[in-house]
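Naming convention: chains lettered A, B, ... in sequence-line order (proteins, then strands); numbering from 1 in each chain. Computed from a predicted structure; not experimentally measured.
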Amino acid sequence: METSRDDIGIVIRSAFLQKGTQQRFSLLALSIFSIFLIFLETIEAKPLNKVRSVVNDLVYRGAVIVSYPSKVFSDSYNFFENHIKLYKNYDEIKKENTDLKNNISNSDFLELENSQLRKLINEQVESDSNLVSARVLLDDKSPYLNSFIINIGTNKKIKKGMAVLDGKNFIGRIVDVNFFSSRVLLITDLNSKIPVISEPSGSHAIMSGHGRSNPTLDYLSLNHNIKDGDKIYTSGKEGIFSPGIAIGEVKIIQNYLEVLLFSELNQITFVSIKLKENRIIK
Amino acid sequence: MVSTPQKIWIKSIETFPLLILFFISLNGNSTINISFISINIHYIIVYYWVLRKPESLGYGFIFLSGVISDVVLGFPIGVTSLSLLFIAGAATYIRVVTVRATLLNDWMSFIPALLIANFTNFISLHYSSYPLEYIYLLKSSVFTFIFYPILWMLFSIIYNLIKKS
């Protein structure tokens, strides 16, 4: 028995400590270095952040080049799929267009009324020119993280926490900024918790992501009256995002209030980032 | 006398494990997710090639591919590297203690390697205050184990080609 225990010890030592043929580093040294790197990730310091930014930017650029063939393939597949769907969607779009035309006159009236009321209470809203556009560089699916990389960073004054929009719809926020790239955490991610308000019921809630395609509404009051089809907007309660950015509409599935997003998150190529919030100045 | 196209062929087939390792890291395809199925091909590649032909995958390259994978997928840097190095360690240990390489031997010994790697992954992510899905970890372990023979057969063809060349 003694001999077999010794043998195991020798084998483990040879596996982890010896470099072996054509190996420059030992496994143990690299494992310790990996643990050191994990520990470094928990430290927030300016020089470390700069190194992280450079490493991230370099890897992202490399990843864009390597994933180019698969991206071309998936784009072509989507193109053909959309082309086939085009004829099917035509009738639906025609009907939707007629409905929208009818609604435009209604919304014009509401906009006019809104501006008159704002004048009445001496409020002023800044223009929407604080948006900056960005292209999605990488949207690799991580097992735990629903996010993608965009092609602008501190070079365009992007900061952590800024709201990211697809057209006029809220889709996520900036969580990591490098020199020439940033990571956008999507509203479907496990970490995403956004204060929202429903319309017309006016109930406040927290929209939580679960890593699936639809987030859910949590922390609602007991006597809320949210119904299927209610629209969900950012409430602006946390003071980071502007209020009233459209997100999606409610669908009640087995007592769970799911939010069907207005934007298709896996089809996004360009996004807008709100550089500065539209503060209401009294 | 070996001709130039033959030399290129030999070189490319010899560097195949390394190329595929970096390709999946940079492409963010280290884990294949198809509806409920989730297979970690990064683990399988490292395990197979360290077990059968360790000189084709250096530990330094394994570490580097883990770092790239972490950056691309948004994990804390070092988490995937550590898991991959543990897989490589388990494969090295098994290579030393086994005499004959068969699919069944490799497959069964892949279980402890997979458990150690996923446990390391879990501990490092937990330490980094990362949200974890336990079901995902479980199904990833199960499907990676089930899928191993398919990649084993595919890699065996390439391994035989390398041996012949």
Within 6.0 angstrom of [X] [atom1], more than 12 heavy atoms from elsewhere:
| X | atom1 | result |
| --- | --- | --- |
| Phe61(B) | CZ | no |
| Lys156(A) | NZ | no |
| Phe119(B) | CZ | no |
| Ile253(A) | CD1 | yes |

How long is the span from the [atom1] atom in [X] to the [atom2] atom in [Y], to the nearest 0.5 Å?
| X | Y | atom1 | atom2 | result |
| --- | --- | --- | --- | --- |
| Thr120(B) | Ile35(A) | OG1 | CD1 | 9.0 Å |
| Phe86(B) | Ser34(A) | CZ | OG | 9.0 Å |
| Leu84(B) | Leu27(A) | CG | CG | 11.0 Å |

- Message: Below 4.5 Å, heavy-atom pairs only: which of Tyr68(A), Tyr60(A), Phe36(A) has the largest tally toward chain B?
- Response: Tyr60(A)
- Message: If I compare all heavy atoms of Phe63(B) with all of Leu30(A), which pair ends up nearest, and what's the gap?
- Response: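 In terms of heavy atoms, the two residues are closest at CG-CD2, 4.0 Å.
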- Query: So which heavy atom on Ser70(A) is nearest to which on Asn27(B), and how close?
  - Reply: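 Looking at all heavy atoms of both residues, the closest pair is OG-OD1, 3.6 Å.
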- Could you check if a side-chain atom of Leu26(B) sits within less than 4.5 angstrom of a side-chain atom of Ser67(A), using non-hydrogen atoms only?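 Side-chain contact under 4.5 Å: no.
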- Query: Do the non-hydrogen side-chain atoms of Tyr127(B) and Thr42(A) ever get within less than 4.5 Å of each other?
  - Reply: yes
- Determine, step by step, whether Leu37(A) and Ser81(B) satisfy the side-chain contact (heavy atoms from CB on, under 4.5 Å) criterion, reporting the C-alpha distance in whole Å, the side-chain angles of both residues, the deciding distance to 0.1 Å, and the verdict. CA-CA 10 Å; Leu37(A) 284 179; Ser81(B) 306; 5.8 Å; no
